[in-house]
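Here the structure is a predicted model, which means the values were calculated and not measured. Numbers restart at 1 for each chain; the letters A, B, ... are given by sequence-line order, proteins then strands.
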There are 2 protein chains.
Amino acid sequence: MMTVSRALRGAYGVNPKTRERVLRTAKEMGYIPNQVASNLAQNKTNTIGVIVPDIGLSFFPNVFHQLESEFSAQGYNLFICCSYDQPEKERKEVMALISRRVDGIVLAPASWKESYGAARLILDQDCPLVLIDRRIKGLDVDTVIVDDYGGAVSAVNHLIEQGFRRIVHLSGGQNIWTSRERLRGYRAALRDAKINIKEAWIILAGLTVESGEEAMTRLLEQNANFDAIFCVNDPVALGAYRALQRHGGKAPKPIALIGFAGIQETEMLETPLSTVQQDDARIGREAAQLLLNRIGPNANESKPVCLKIPTQLIIRASTTALIKS
Amino acid sequence: MMTVSRALRGAYGVNPKTRERVLRTAKEMGYIPNQVASNLAQNKTNTIGVIVPDIGLSFFPNVFHQLESEFSAQGYNLFICCSYDQPEKERKEVMALISRRVDGIVLAPASWKESYGAARLILDQDCPLVLIDRRIKGLDVDTVIVDDYGGAVSAVNHLIEQGFRRIVHLSGGQNIWTSRERLRGYRAALRDAKINIKEAWIILAGLTVESGEEAMTRLLEQNANFDAIFCVNDPVALGAYRALQRHGGKAPKPIALIGFAGIQETEMLETPLSTVQQDDARIGREAAQLLLNRIGPNANESKPVCLKIPTQLIIRASTTALIKS
DNA sequence: TTGTAAGCGTTATCAA
DNA sequence: TTGATAACGCTTACAA
């Protein structure tokens with residue numbers, strides 16, 4: 001039995017002839033080893049859990065693609081779970097992954113404050129954890145994020161350089177790290193330019209096309225006298241763009257519009273949208289490396305790392321030629 | 001030990017007081033059951049494997065979203081694997097899933113002919129299997145597909161009704177079911193309208209934006225005298241659109257363009273693209289139901305089912321106002 | 001190089 | 001209602 005086990009795994013200490021014979025017989029029998037039993041015996045599952053708010057949303061497919069490549073190459077399979085931004089579902093998925101004894105977890109937390117418990121649960125089991133895209137309040141753990149603050153500053157600075165002063169921000173929920181940081185960047189850029197910050201111009205939209213369209217429509221109906229919009233992300237910018245097209249008559253003048261994240265869709269509009277591009281694939285790659293370094297016998301015991309991936313300002317017509325309506 | 005096991009699972013035959021005491025103690029200890037051991041003992045993993053060409057591609061995120069919802073609600077976790085259209089990688093992933101003793105597999109096969117072996121492998125292990133989006137030659141198994149043929153016919157008929165006769169088809173690789181069916185529909189529609197089929201106008205592009213752009217650019221350089229284009233899918237149509245914009249001067253006249261699948265991006269172009277819409281969520285939902293019906297003690301033993309989800313023709317400016325260049 | 005025994009953490013089965 | 005025993009199919013540790 002042990003000889004067969006060794007032969008099939010390609011372990012040392014088996015006579016080449018014996019190994020040959022084992023492999024041949026296994027093939028003849030159509031024998032497929034039971035990984036579940038192996039996992040139990042080894043207390044190692046070669047499995048990684050990935051929890052994201054929504055796999056179909058904006059940049060997560062890109063990140064996941066990269067995670068899949070990296071981990072698959074190392075012989076891992078991935079469990080993927082969606083929290084749909086609900087901390088309770090997130091918690092439930094964390095429990096499931098821990099019960100299944102995954103070797104590590106990649107988490108894009110649902111909430112800045114409410115995801116703490118779920119993350120704590122993971123760490124208390126000594127399960128390696130890497131956070132992506134969003135941080136969690138009070139938690140020091142390996143993390144790969146984007147320079148949301150810096151990106152927002154560069155976006156708003158760009159608007160200011162183009163001569164805009166009346167800049168609205170369509171923001172995302174403040175329970176999400178990225179939304180907070182981008183709002184912080186918006187404020188900082190205005191402050192540094194000595195432009196008065198109007199709280200009424202910081203509008204809670206959300207992170208979806210629909211929420212952007214709604215928020216923009218409301219704003220237009222108020223006949224607000226703004227001349228530029230910085231959106232928390234590209235889907236919201238797309239929604240705002242749609243609203244401008246539909247209710248454009250109400251816009252005070254040509255409007256400048258800039259988003260964040262660099263999704264493909266906004267590039268091909270009649271007026272292509274400016275944006276702050278982030279390197280999705282790199283987030284996935286770095287996260288995978290970080291996690292792999294924490295797994296296994298020669299696991300790295302060093303202090304948690306936080307990688308902040310730089311962004312790139314992409315200037316298109318929506319902030320130069322503007323959106324006429 | 002058995003009492004604890006029963007209590008934690010919520011099984012019958014435990015004194016309420018005892019159960020109470022067990023649950024309390026487990027909580028105090030921070031005890032988390034080991035699913036790996038449970039899986040081994042029960043020979044059941046509550047795990048489903050999903051294999052798709054690329055999770056980030058076109059409609060797979062939508063399908064996956066639905067799969068996740070359905071299975072998660074039933075207590076299953078999902079392994080997700082990408083074949084990247086390579087039959088060998090697909091085969092490798094199938095082996096991994098079988099070794100891990102998943103309770104069922106949802107497969108979007110990489111190839112019409114070359115995926116047969118992988119699927120056979122699954123069925124030979126008596127592992128429930130549902131195919132989505134694409135069929136496999138010679139394989140009769142539960143399947144959820146779109147009415148690709150009918151959708152293609154309706155798209156081409158629409159072009160014909162608009163008065164176009166010189167219709168080009170940018171097709172996808174013929175090793176993929178959907179590409180084959182859509183090409184078949186193109187031929188049938190032309191034949192029924194007694195329009196001569198020019199083989200030179202059936203152009204192998206691929207399934208990506210890039211491939212569509214390339215193919216269209218090549219065609220424009222040939223000064224071909226066509227007046228409409230039916231694309232195998234929306235990404236290819238988007239690529240063709242781009243090419244028309246860039247090299248438009250070479251287009252013989254305003255061109256009609258229609259795609260397939262109904263991705264969001266093409267709706268917001270300067271000239272919104274017509275398309276054949278498919279119900280992605282429904283594919284996921286039906287596939288999940290089909291698979292769940294084949295799992296467990298009261299598994300359905302009926303003959304394999306093939307669900308063909310109807311499509312819907314969406315007419316936009318690209319086939320009525322046309323694309324001027 | 002091969003083989004034996006014990007154990008991984010559950011659950012099925014049968015007895016108390 | 002509770003408990004003892006033997007799997008589940010593999011791997012680790014050690015002996016031959």
Sequence neighbours left out, cut at 3.5 Å: what donor-acceptor pairs do the side chains of residues 4-14 of chain A make with other protein atoms?
unit_1, atom_1, unit_2, atom_2, d
A/S5, OG, A/R9, NE, 3.3
A/S5, OG, A/R9, NH2, 3.1
A/R9, NE, A/S5, O, 3.3

According to a strict under-4.0 Å criterion, is A/S5 in side-chain N/O contact with OP1 or OP2 of D/dT11? yes
Are there any protein N/O atoms within less than 3.5 Å of an N/O atom in nucleotides 2-4 of chain D, and if so, which ones and at what distance?
unit_1, atom_1, unit_2, atom_2, d
D/dT2, OP1, B/T18, OG1, 2.4
D/dT2, OP2, B/N15, N, 2.9
D/dG3, OP2, B/T3, OG1, 3.2
D/dG3, N7, B/R6, NH2, 3.0
D/dG3, O6, B/R6, NH2, 3.3

Please list, chain by chain and in numerical order, all residues satisfying side-chain hydrogen bond (donor to acceptor under 3.5 Å, both in side chains) with B/T143, sequence neighbours excluded. none
For B/Y31 and C/dT10, is the shortest distance between a side-chain N/O and OP1 or OP2 below 4.0 Å? yes
Counting only side-chain nitrogens and oxygens, does B/R9 get under 4.0 Å of the OP1 or OP2 atom of C/dA12? yes
Run the salt bridge (charged side-chain N to carboxylate O under 4.0 Å, His left out) test against B/R135 and tell me which residues pass, sequence neighbours left out. none
Using the salt bridge (charged side-chain N to carboxylate O under 4.0 Å, His left out) criterion, which residues pair with A/E114? Sequence neighbours excluded. none
Give the rounded distance in Å between these two atoms: CZ of B/R100 and P of D/dC10. 14 Å
Would you call the rings of B/F79 and A/F79 parallel, tilted or perpendicular if under 30° counts as parallel and over 60° as perpendicular? parallel
Partner set under side chain to side chain contact (heavy atoms under 4.5 Å, CB included) for B/E70, not counting sequence neighbours: B/Q66, B/R285, B/A288, B/Q289
A/Y116: partners by ring pair (Phe, Tyr, Trp, His ring centres under 6.0 Å), with sequence neighbours left out: none
How large an angle, rounded to 10°, do the end axes of the helix from C/dT1-D/dA16 to C/dA16-D/dT1 enclose when each is built from five base pairs? 30°
Restricting to salt bridge (charged side-chain N to carboxylate O under 4.0 Å, His left out), what partner residues turn up for A/K92, sequence neighbours left out? none
Contact check, residues 33-49 of chain B vs DNA chain D, heavy-atom distance under 4.0 Å, returns B/L40, B/A41
Residues which pass side-chain hydrogen bond (donor to acceptor under 3.5 Å, both in side chains) with A/S111, listed by chain and number, not counting sequence neighbours: none
For B/D103, check salt bridge (charged side-chain N to carboxylate O under 4.0 Å, His left out) against everything at least two apart and list the hits. B/K44
